[in-house]
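Read the numbers this way: they start at 1 and go in the same order the structure lists the ligands and their atoms.
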Amino acid sequence: MPLMKSWVASANSAETPFPLNNLPYGVFSTQDTDPRCGVAIGDMILDCQAAEESGLIDLGDVALFEVPFWNDLMEEGPAVWAALRARLTALLVQGSPEQAKVEPLLVPMADATLEMPIMVSEYTDFYAGRHHATNVGTMFRGAENALPPNWLHIPIGYNGRASSVVVSGTDIRRPWGQLKSPDHALPAFLPCRRFDIELEMGAIVGTPSDGPITVQEADANIFGYVLLNDWSARDIQAWEYQPLGPFQAKATATSISPWIVTKAALEPFRCDTPPREFELLDHLKDVGPMLYDINLSVTLAPAGKPASTIARTNYKEMYYSAAQQLAQHTTAGSPMNAGDLLGSGTISGAEKSERGSLLELSWGGKEPFTLDCGETRSFVEDGDTLTLTGVAKGDGYVIGFGDCTGTVLPALEDPYKR
Ligand code: MN
């Protein structure tokens, strides 16, 4: 499908991340308004709360936009999702008879502050990028044991903290933690010295489930996708992760991009998972293209310096789709809720320039890399701003997510000072 023309002129450029084909969902506030749901169109946001109050959006008996998050809409299920998308398209398409009524409900994006788009019910992070898992496994356990024996048979993950998920733009404070240097017999409590990022996609569950669901059902239950940065304290992780997996290493923050790009908008970009080394068991078998062709990049800007692109890769590098991860998540009976967030796992490609974490880019700190401004990095330094971007390239248009960015603040001098 080519670019769909809107009467919002800025939505018709081939470069805007938010053409009519996209219609991503976010929450915004302005100087005059409290946080509320909105839809990005070009360089504007359509105020969904105002559109519902004025009767321009009417999806039945329930008011969906009285609350500043998208969970209520998500819980309504795919038929209502489709109805809303059709209605928004009708309101914003070139030649819409309702243009005059909709125009006053547009807010310039430049005047808006973007907030968390959803209430995160629970957060799970997976480990489904083969190049990433191979790289990290090689560094932590040696090339012989790089991939854990289960890795090619199930998507593995850990239960993270919903409370730690923050919207793009939120500053990230370097954590303290218990560290154990190989040079010392005993651990010490210190500020993290190996603070890192993980380039990931986040899938958001829309339709709740109770009990095991198939891959096909899981795909249908996913509402949309965001960019996700899983901030990671590598030195805390190295000491704590065996045998129960990451804990405090991943508890500082997880940043997500402000706009939820719906599964409907990503439909033209579906692609297959890679060839399987072992046939997957029936409950995880691929039943159609469920990854997406989304170009991803990471930039790093030291304080007061220009940004350098440090990695470029693509979501299609993943071994497991979000649908397979969600299906696996339910096999033992765990209910899933609207607003559950599933991190894909770090996305790295085969090449050195395609690695989605500084741990891999600097090979555990052994090979510092150079930024365009001349500085070198092994891990994230105080004042650095890390930004993830994602773009799906369509026929004369692109689908964007809005940046997922965060600046790292120095560790507190004493985290227990009251
Ligand atoms: Mn992760």
Participant: For the ring pair Y225 and F401, is the centre-to-centre distance below 6.0 Å?
Facilitator: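 No - the distance between ring centres of Y225 and F401 does not fall below the 6.0 Å cut-off.
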
Participant: Could you check whether the rings of W151 and Y320 sit parallel, tilted or perpendicular, using 30° and 60° as the cut-offs?
Facilitator: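 Plane angle between 30° and 60°, so tilted.
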
Participant: Need one value: angle at the Mn ion (ligand 1), E200 atom OE2 versus D230 atom OD2, rounded to 10 degrees.
Facilitator: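 So the angle at the metal works out to 110°.
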
Participant: Check all N, O or S atoms of D125 and name the one closest to the Mn ion (ligand 1).
Facilitator: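 Closest to the Mn ion (ligand 1) among those atoms: OD2.
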
Participant: When you measure from the Mn ion (ligand 1) to each N, O or S atom of E198, which atom gives the shortest distance?
Facilitator: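 Nearest N/O/S atom: OE1.
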
Participant: Could you tell me whether K250 and E198 make a salt bridge, using a distance below 4.0 angstrom between a side-chain N and a carboxylate O?
Facilitator: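 Salt bridge between K250 and E198, a charged N being under 4.0 Å from a carboxylate O: yes.
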
Participant: With distance as the sole test, does N314 use its side chain to make a donor-acceptor pair with the main-chain N or O of D293 at under 3.5 Å?
Facilitator: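 No, the answer is negative, given that no donor and acceptor are paired below the 3.5 Å cut-off.
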
